[in-house]
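What's counted below: heavy atoms across the whole structure, side chains too, no hydrogens, waters or symmetry copies. These numbers were taken from a predicted model, which means no experiment stands behind them. Sequence lines set the chain letters: A, B, ... in the order given, protein chains first and strands last, and positions in each chain run from 1.
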Protein chains: 2
Amino acid sequence: MDATQATARQKIAYYGATSEGGLANCPIRNVVRNVFGKWSSLLLMALAERPARFGELRRLVPDISQRMLTETLRDLQRDGYLHREVFDTTPPSVEYSLTDLGRSMYESLSQLLLWAENNHDAVRKARAAFDSAGLR
Amino acid sequence: MDATQATARQKIAYYGATSEGGLANCPIRNVVRNVFGKWSSLLLMALAERPARFGELRRLVPDISQRMLTETLRDLQRDGYLHREVFDTTPPSVEYSLTDLGRSMYESLSQLLLWAENNHDAVRKARAAFDSAGLR
DNA sequence: CTGTATCCCCTATGATACTG
DNA sequence: CAGTATCATAGGGGATACAG
């Protein structure tokens with residue numbers, strides 16, 4: 001399927017869950033969702049700026065647990081966005097950096113992150129209006 | 001903070017969870033994450049093409065439960081992305097459409113969705129390589 | 001047709017302790 | 001320093017029945 005030509009409805013139907021293996025082939029649910037774990041985009045944002053070591057990332061995002069940092073990094077590495085380089089020092093050090101695929105993906109992702117930063121207020125106002133209208 | 005000027009590290013520090021109310025003010029965790037419920041982007045994609053009624057969306061995304069359709073639509077409406085118009089017919093009909101804010105956001109979001117479609121294979125190959133290397 | 005109301009489950013996430 | 005292992009929990013999400 002040509003993603004630039006197909007209509008949204010065609011895409012959804014094509015990737016729809018009812019078709020054989022459809023769900024597993026849906027790039028939105030299968031690819032995009034992995035970028036939106038609770039911590040993924042923050043880590044990608046940091047690494048897009050420059051490579052960093054495990055402990056550095058941990059200090060950078062103070063409220064992430066060690067477990068989630070490990071897991072999120074491994075998931076991002078698994079999907080091909082991160083390169084993990086181990087330096088044989090004592091104690092060991094490990095540096096994470098974006099791959100070409102990761103950089104390519106982050107170009108698109110960052111548009112949305114920037115939009116969020118620039119429109120944070122508008123969204124919060126919408127929320128407040130919705131709630132004060134008693135719709136919630 | 002000027003989102004276009006600040007470095008990633010400055011942003012993360014500024015929005016960091018340890019500062020007073022920091023987490024609540026982080027646009028990434030606060031805004032972006034809402035766009036990535038299991039169903040949000042699919043629904044936004046459909047509605048970006050043209051408005052649709054409740055039942056239409058349900059048929060369009062066959063594996064969504066009625067409960068999650070209702071809830072996802074309400075959340076998107078609450079954040080200001082969707083307009084909900086009730087027509088006083090019998091039986092009642094309700095039409096959902098993107099607001100200006102929603103269209104604006106979808107412009108950025110769609111870049112990432114398109115990237116995902118175009119690079120789905122690369123990601124899957126990376127995953128397969130990672131797994132077959134026994135790293136998983 | 002467009003929802004609500006329940007009940008239930010599973011996965012994502014957190015806290016803590018331990019290791020090469 | 002850079003992880004694992006284990007246990008515990010909250011909330012996202014599903015199934016089903018009911019309602020205006």
A/Glu95 with A/Arg50: basic N within carboxylate O range, under 4.0 Å: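 So A/Glu95 does not pair with A/Arg50 through a salt bridge.
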Pair B/Arg78 + B/Asp75, salt bridge at N-O below 4.0 Å: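 Not counted as a salt bridge, because no side-chain N and carboxylate O are separated by less than 4.0 Å.
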Sugar-phosphate, base or nothing in reach of B/Phe87, heavy atoms under 4.0 Å: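 Answer is nothing: B/Phe87 stays at 4.0 Å or more from every strand.
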Rounded to whole angstroms, how far apart are [atom1] on [X] and [atom2] on [N]?
{"X": "B/Leu60", "N": "C/dC1", "atom1": "CG", "atom2": "P", "value": "15 Å"}
{"X": "B/Lys38", "N": "C/dA12", "atom1": "NZ", "atom2": "P", "value": "10 Å"}
{"X": "A/Ile64", "N": "C/dA12", "atom1": "CD1", "atom2": "C1'", "value": "13 Å"}
{"X": "A/Trp39", "N": "C/dT11", "atom1": "CH2", "atom2": "P", "value": "22 Å"}
{"X": "A/Asp63", "N": "C/dT13", "atom1": "CG", "atom2": "P", "value": "13 Å"}
{"X": "A/Arg58", "N": "D/dT4", "atom1": "CZ", "atom2": "P", "value": "13 Å"}
{"X": "B/Leu69", "N": "C/dT4", "atom1": "CG", "atom2": "C1'", "value": "14 Å"}
{"X": "B/Gln77", "N": "C/dT2", "atom1": "CD", "atom2": "P", "value": "15 Å"}

Plane angle bin for A/Phe54 and A/Tyr96 - parallel if under 30°, tilted between 30 and 60°, otherwise perpendicular: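 Aromatic pair A/Tyr96/A/Phe54 classed tilted.
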Which listed nucleotide ([options]) is nearest to the side chain of [X]?
{"X": "A/Arg53", "options": "D/dG3, C/dT2, D/dC1", "answer": "D/dC1"}
{"X": "B/Ser93", "options": "D/dG14, C/dT2, C/dG3", "answer": "C/dT2"}
{"X": "B/Met68", "options": "D/dG13, C/dC1, C/dG3", "answer": "D/dG13"}
{"X": "B/Arg74", "options": "D/dC1, C/dT4, D/dG3", "answer": "C/dT4"}

Under 4.0 Å: is that the gap between some side-chain N or O of [X] and OP1 or OP2 of [N]?
{"X": "A/Tyr96", "N": "D/dC1", "value": "no"}
{"X": "B/Arg67", "N": "D/dA15", "value": "no"}
{"X": "A/Arg33", "N": "C/dT11", "value": "no"}

Residue whose nearest DNA chain D nucleotide is more 5′ - B/Phe36 or A/Val94: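 The residue mapped nearer the 5' terminus is A/Val94.
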Whichever of B/Glu71 and A/Glu56 has its nearest DNA chain D nucleotide further upstream toward 5':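 Residue closer to the 5' terminus by nearest nucleotide: A/Glu56.
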Distance, nearest 0.5 Å, that separates CZ of A/Arg33 from SG of A/Cys26: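 SG of A/Cys26 is found 11.0 Å from CZ of A/Arg33.
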Polar side-chain atom of A/Asn119 near backbone of A/Trp115 as donor-acceptor pair, under 3.5 Å: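 Between the backbone of A/Trp115 and the side chain of A/Asn119 there is a qualifying donor-acceptor contact (under 3.5 Å).
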